[in-house]
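Only heavy atoms go into these numbers, but all of them, side chains included; no hydrogens, no water, no symmetry mates. Both ligands and their constituent atoms are indexed starting at 1 by order of listing.
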Amino acid sequence: MHLTFTEMHTPTVGLQIAVDRQLYTEQSDFQRIDVFECEEFGRFLTLDGYMMLTERDEFIYHEMMVHVPLAVLGERVRRVLVIGGGDGGCVRELTRYDHIDRIDLVEIDERVVAVCQEYLPSVACKLTDPRVHLLYQDGLKYIRHVEDAYDLIIIDSTDPFGPGEGLFTMEFYGNCYKALKADGVLVNQHESPFYKGDAQACQRAHKNIVHSFELSRVYQAHIPTYPSGHWLFGFSSRGIHPVRDLKAGWWNSLGLETRYYNTNLHKGAFYLPNYVQKLLEKVEET
Ligand code: SAM
């Protein structure tokens with residue numbers, strides 16, 4: 001008989017997965033950490049019962065978090081900050097760029113890193129790269145004391161409740177602005193626009209970002225195990241444009257093999273459905 005993992009996405013709609021094995025469970029100082037194994041998605045990590053990643057579809061999320069800003073910023077990216085992201089997926093993609101000198105990963109929960117290194121090695125495999133500096137700290141506190149230091153900041157956080165709540169606030173985004181170099185870029189996971197509760201969280205985050213940066217654009221991807229499958233990301237800067245400043249020729253000349261990202265999809269990802277545009281415009285005007 002199968003165990004079943006269920007995550008409710010609304011009071012009446014949920015994601016259900018037949019689990020073959022539970023590989024790990026722990027209550028850390030910050031959250032409950034579980035790793036399961038199933039037929040369709042391979043191993044998957046949940047925090048407080050919420051899906052973080054699966055072996056089968058994590059490439060979509062991590063490629064879109066990393067290659068979109070890299071293809072815009074190009075060889076200028078020397079120092080990168082990842083906040084959250086203790087699973088190592090963003091770091092794995094970042095380490096594919098030889099010109100990046102330093103990656104600071106600020107993760108609040110040391111146990112997420114340890115558990116992913118043991119149970120999800122295909123994701124956490126590059127956390128030992130010598131360019132990666134692991135700091136076990138609250139990203140909200142870390143960023144307060146940083147100025148003009150990073151070319152790229154990636155916010156790979158949990159959802160806007162629990163330890164991740166502060167990472168969606170105006171104070172935090174304002175501090176990210178200050179921590180970026182003048183021609184730097186912030187990328188964040190921007191929640192889903194589809195179900196009402198998620199759409200409201202997405203609007204709140206967007207409102208705080210557009211008030212903190214001169215330019216903020218939102219892009220999308222299809223991620224099967226996230227609520228509704230329709231996921232958004234934010235791209236913010238002091239003026240660098242995600243499509244006009246795309247260095248498609250440069251990125252393609254690197255010959256990186258990706259499974260989701262390509263430079264045509266990059267452009268298309270910024271063209272949003274009308275209902276999503278409206279949702280975002282509503283808070284841009286307030
Ligand atoms: N891709 C995932 C998603 O959105 O479902 C996010 C994955 S990653 C595992 C999120 C990480 O953010 C977690 O490991 C969590 O511990 C970390 N985190 C949450 N709040 C944080 C904070 N305030 N500072 C640093 N890391 C934080």
Side-chain angles (χ1 to χ4, degrees), residues 5 7 9 15 24 26-36 41 43-66 81-94 104-120 122-124 127 133-146 153-169 171-173 175-176 179 187-193 198 201-202 205 220-234 260:
F5 167 81
E7 177 186 325
H9 291 166
L15 168 75
Y24 191 77
E26 169 187 349
Q27 178 66 48
S28 76
D29 289 343
F30 300 96
Q31 53 215 339
R32 177 162 159 205
I33 305 171
D34 290 290
V35 183
F36 301 96
F41 291 99
R43 293 184 176 188
F44 62 98
L45 169 75
T46 66
L47 296 179
D48 285 338
Y50 293 100
M51 179 64 82
M52 291 293 120
L53 63 89
T54 80
E55 284 181 322
R56 174 93 184 273
D57 67 356
E58 56 84 11
F59 69 99
I60 305 172
Y61 178 88
H62 294 124
E63 288 187 12
M64 289 302 273
M65 288 283 263
V66 170
L81 170 65
V82 180
I83 295 186
D87 53 75
C90 283
V91 165
R92 181 192 64 203
E93 294 305 311
L94 286 165
D104 292 332
L105 180 84
V106 178
E107 162 63 59
I108 204 168
D109 194 344
E110 204 169 333
R111 293 303 306 153
V112 172
V113 172
V115 170
C116 291
Q117 283 182 314
E118 181 159 2
Y119 293 99
L120 290 156
S122 65
V123 187
L127 287 169
H133 299 257
L134 288 166
L135 295 131
Y136 296 114
Q137 213 180 313
D138 185 340
L140 189 63
K141 291 189 183 140
Y142 174 83
I143 201 82
R144 282 185 190 140
H145 310 289
V146 186
I153 299 179
I154 296 178
I155 306 170
D156 184 8
S157 65
T158 40
D159 295 326
F161 37 81
E165 192 172 355
L167 304 182
F168 291 81
T169 59
E171 183 216 336
F172 176 69
Y173 295 132
N175 284 330
C176 287
V187 165
N188 66 297
Q189 69 101 332
H190 213 79
E191 300 294 304
S192 169
D198 299 330
C202 166
Q220 61 188 347
H222 174 243
I223 304 176
T225 53
Y226 285 175
S228 84
H230 187 186
W231 203 255
L232 302 179
F233 305 86
Y260 191 82

Student: Relative to the ring of Y50, is the ring of F161 parallel (under 30°), tilted (30 to 60°) or perpendicular (over 60°)?
Tutor: tilted
Student: Between V66 and C90, what is the shortest heavy-atom contact and its length?
Tutor: CG2-O, 3.5 Å
Student: side-chain hydrogen bond (donor to acceptor under 3.5 Å, both in side chains) between D57 and Y226: does it pass, once the steps are laid out?
Tutor: CA-CA 10 Å; D57 67 356; Y226 285 175; over 6 Å; no
Student: Would you please name every residue forming a salt bridge (charged side-chain N to carboxylate O under 4.0 Å, His left out) with E165, sequence neighbours left out?
Tutor: none
Student: Could you please provide the protein residues found below 4.0 Å of ligand 1 on a heavy-atom basis, arranged by chain and number?
Tutor: Q31, L47, M51, M52, Y61, G84, G85, D87, V106, E107, I108, D109, V112, Q137, D138, G139, D156, S157, T158, P163, G164, L167, Q189, Y226
Student: Per the side-chain contact (heavy atoms from CB on, under 4.5 Å) rule, which among V91, I154, D87 passes with H62?
Tutor: D87
Student: State, without any angle test, whether T54 and T225 hold a side-chain donor-acceptor pair at a distance under 3.5 Å.
Tutor: no
